[in-house]
Amino acid sequence: MTKFPNATDGEFVVEIPLQFEKYTDAAMLRLQALYPACHLARQGGGVSVSLSAGFAEDQFRKDVLHVVYREKIYAETLVMRQALVAAVTGR
């Protein structure tokens, strides 16, 4: 768990763009593993975040958006990666 400078307690919502919404649940699971002290919940078109002491809102917002984006890339390239592994291993 990473502590950030200029950190505060608080609650806020990170808005997720519409084209990324289907990746939000998987991203939230990854974030819960990285930040077990934080509470995450889907709220409308975003993620509601409850931070404990030691977390900076702007940095955590950046992390949420980064993980959602990475989840999109992972999902969209899965078939290609599976085909590559199959071609290399002869499966």
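What you see below is based on every heavy atom in this structure, not just the backbone, and it leaves out hydrogens, waters and symmetry mates.
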Donor-acceptor list for residues 26-33 side chains, cut-off 3.5 Å, not counting sequence neighbours:
residue	atom	partner	partner atom	Å
Arg30	NE	Glu71	OE1	2.8
Arg30	NH2	Glu71	OE1	3.4
Gln32	OE1	Leu40	N	3.3
Gln32	NE2	Cys38	O	3.4

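- Atom-to-atom distance recorded for Phe12:CZ and Leu51:CG is 4.5 Å, nearest 0.5 angstrom.
- Listed by chain and number, the hydrophobic cluster partners of Tyr74 are Leu78, where partners are ILVMFWY side chains within reach of under 4.5 Å, directly or through others.
- Side-chain contact between Asp63 and Gln59: present, with at least one pair of heavy atoms (C-beta onward) separated by less than 4.5 Å.
- Met80 and Val85 sit in two unconnected hydrophobic clusters of ILVMFWY residues. Membership requires side-chain heavy atoms under 4.5 Å apart, directly or through other members.
- In the hydrophobic cluster analysis, where Ile, Leu, Val, Met, Phe, Trp and Tyr join through side-chain heavy atoms closer than 4.5 angstrom, Leu18 is grouped apart from Leu65.
- Every residue was checked against the salt bridge (charged side-chain N to carboxylate O under 4.0 Å, His left out) condition with Arg70, not counting sequence neighbours, and none meets it.
- Applying the 4.5 Å side-chain rule to ILVMFWY residues, one finds Val88 in the same cluster as Leu84.
- Sorted by first then second residue, the salt bridge (charged side-chain N to carboxylate O under 4.0 Å, His left out) pairs that include residues 17-28, not counting sequence neighbours, are Asp25-Arg42.
- Side-chain contact between Phe60 and Val64: present, with at least one pair of heavy atoms (C-beta onward) separated by less than 4.5 Å.
- The side chain to side chain donor-acceptor pair (under 3.5 Å) search around Ser50 returns none, not counting sequence neighbours.
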